[in-house]
Amino acid sequence: MSQIAQYVRATSISGLRDADEPDQLESLLERQYELGFSRGFVPTVGLEEELILVRPESLEPACEAAGLLEKLGDRRFSAELRDAQIELVMPVCVTVSDLRRELAAARARLFEVADGEVRAIGAGAHPAATAAAGVTDRPRYRDIERDYPWAVRRGMTCGLHVHVGVSDPDEALAVYNAARSYLPEIAALGANSPFVDGSDSGLASARLKLTEELPRAGIPPAFASWRDLARFVAWGSSAGLFADLTYLWWDLRPRPEYGTVEFRVADSQTSVAASTAIAALCQSLVVALGNRHRAGEELVVHETHVLNENRWLALRDGVDGRLADPETGVVEPTRERLGRLLFELEPVARSLGCAEELALAWPLVAENGARRQRAVEGDVAEVLAWLADETERPDEREAPGAARAEGAVSRGAGVP
């Protein structure tokens, strides 16, 4: 039985049966994708945040994830590709306000259990490490190390992944295709990795360049139908290139097994507030695009190569640069495009109850993570110390250990 057939079986979606012929696999996957977005969920929001573990004295990468995870014994924390990384996996929330509280509590728990024996930094890449940390000893990560050796030789990248639930397959595909156009703006806002290998890279997000060493990275293609995506995944699996959607490392990808679209373009953020702001932007954008689709508007789908030009400008210059309108080619300051987008999304954010969290994006428009790192006085060692201190700083809104609000979390969709 092929990997795809095994994957289809593992989803346990009623009505799907194993198949070995390519056309049968395409049909099964197409049906699976449509069913995944047909569960009638509200636009829930989930988040995965990757942090770098560092030694308390030198702040060099600390390959302590396995031991720390054992001490934590908590499903909110997971291993990542590097054994000096840890992933915070938030429960699926109804509102971004709930998500903010969950993330603050998870960070507080991490630092409580670490007890100073290991620290963590929230950034798109370790600013000073000149050699990549080891690969976590799990089958998936060993397979990645084997199949993509060039991509694991250097760097330690950390991303912020935001999942937003969509309840209709046609709407989900339309939103996915249209949301691609906004990835450069989100990349600029979330750029937080200017330093790599101990020096200034000249980029606002060196992480986004480093991730290009993996195949199937960057701005994703648009798909005219779920069958087109199913055809690509079935082809890749049959050829032994990749097993399933989780090996599509695009800046945005559909996740039908969760009923979400997943934004992967932002660097990991140093503060809870910054992570929250990006989550609010993603949720508001998905809902705004979905509203337009349901109103009968045909959402514009821009060419991937056009969007990749803006992606390059975003990762190079962050909020300090300029972006070209995908339609007209008119160039304008990135801050102006971001400001207009935030204003347009404010009514939707109010309807979702995340207007306060969306407003947290305004400080990032003025000074994102890359600018804040570069503003630290001193050398890269001082930047590292600042990152560690800022990452451990409690969220300003409320005590990080606050109890979860009754009814705050929904297990319906998104990251499990």
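These numbers come from a predicted model, not from an experiment.
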Can you name the salt bridge (Lys or Arg N to Asp or Glu O under 4.0 Å) partners of [X], sequence neighbours left out?
X	result
Asp137	Arg142
Arg140	none
Glu346	none
Arg82	none

- Please list all pairs passing the salt bridge (charged side-chain N to carboxylate O under 4.0 Å, His left out) test where one or both residues lie in residues 285-303, with sequence neighbours left out.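 For residues 285-303: Glu171-Arg294, Arg292-Glu297.
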
- Item | Pairs involving residues 118-133, ordered by first then second residue, that meet salt bridge (charged side-chain N to carboxylate O under 4.0 Å, His left out) (sequence neighbours left out) |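 Only Arg119-Asp389, Arg119-Glu392 qualify under salt bridge (charged side-chain N to carboxylate O under 4.0 Å, His left out).
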
- Keeping to residues at least two apart or across chains, list the ring-ring contact (aromatic ring centres under 6.0 Å, His included) pairs with something in residues 126-145.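 Every pair satisfying ring-ring contact (aromatic ring centres under 6.0 Å, His included) with a residue in residues 126-145: there are none.
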
- Item | Inter- and intrachain pairs under ring-ring contact (aromatic ring centres under 6.0 Å, His included), touching residues 49-108, at least two apart |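 As it turns out, there is no ring-ring contact (aromatic ring centres under 6.0 Å, His included) pair with a partner in residues 49-108 once direct neighbours are skipped.
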
Closest heavy-atom pair and its distance - [X], [Y]:
X	Y	answer
Arg253	Leu248	NH1-O, 2.9 Å
Phe37	Gly259	CE2-C, 3.4 Å
Val233	Asp244	CG1-CA, 4.3 Å

- Query: side-chain hydrogen bond (donor to acceptor under 3.5 Å, both in side chains): which pairs involve residues 275-286, sequence neighbours left out?
  - Reply: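 Pairs touching residues 275-286 that pass the test: Glu49-Ser275.
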
- Item | Residue pairs passing the side-chain hydrogen bond (donor to acceptor under 3.5 Å, both in side chains) test where at least one lies in residues 359-378, sequence neighbours excluded |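 Every side-chain hydrogen bond (donor to acceptor under 3.5 Å, both in side chains) pair that includes a residue of residues 359-378, provided the two are not neighbours, is Asn192-Gln373, Asp200-Arg374, Asp320-Arg371.
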
- Listed partners of Tyr148 passing ring pair (Phe, Tyr, Trp, His ring centres under 6.0 Å), at least two apart: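 Tyr148: ring pair (Phe, Tyr, Trp, His ring centres under 6.0 Å) contacts with Trp150, Trp249.
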
- Message: The criterion is ring pair (Phe, Tyr, Trp, His ring centres under 6.0 Å); which residues satisfy it with Tyr176, sequence neighbours excluded?
- Response: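 Testing Tyr176 for ring pair (Phe, Tyr, Trp, His ring centres under 6.0 Å), a comparison that skips the adjacent residues, returns none.
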
- Item | Arg337/Asp325 ion pair, N-O < 4.0 Å |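 Looking at Arg337 and Asp325, the cut-off is met.
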
- Salt bridge present between Glu34 and Arg227 (N-O < 4.0 angstrom):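 A salt bridge is absent here (no side-chain N lies under 4.0 Å from a carboxylate O).
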
- Message: For the CG atom of Leu323 and the CG atom of Asn310, what is their distance to the nearest 0.5 Å?
- Response: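 Here the interatomic distance stands at 4.5 Å.
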
- Task: Measure the shortest side-chain to side-chain distance between Arg55 and Glu64 over non-hydrogen atoms and say whether it is less than 4.5 angstrom.
- Result: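 In contact.
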
- If we only count heavy atoms from C-beta on, is the Asp98 to Thr95 side-chain gap below 4.5 Å?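 Asp98 reaches Thr95 side chain to side chain.
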
- Tyr258 vs His163 aromatic rings, parallel, tilted or perpendicular, using cut-offs 30° and 60°?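 Aromatic pair Tyr258/His163 classed perpendicular.
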
- Take Asp74 and Leu69, measure what side-chain contact (heavy atoms from CB on, under 4.5 Å) needs, and give me the verdict at the end. CA-CA 8 Å; Asp74 189 326; Leu69 286 169; over 6 Å; no

- Query: Checking salt bridge (charged side-chain N to carboxylate O under 4.0 Å, His left out) against Asp251, which of Arg216, Arg207, Arg180, Arg311 comes through?
  - Reply: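 Of the listed residues Arg216, Arg207, Arg180, Arg311, the salt bridge (charged side-chain N to carboxylate O under 4.0 Å, His left out) partner of Asp251 is Arg311.
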
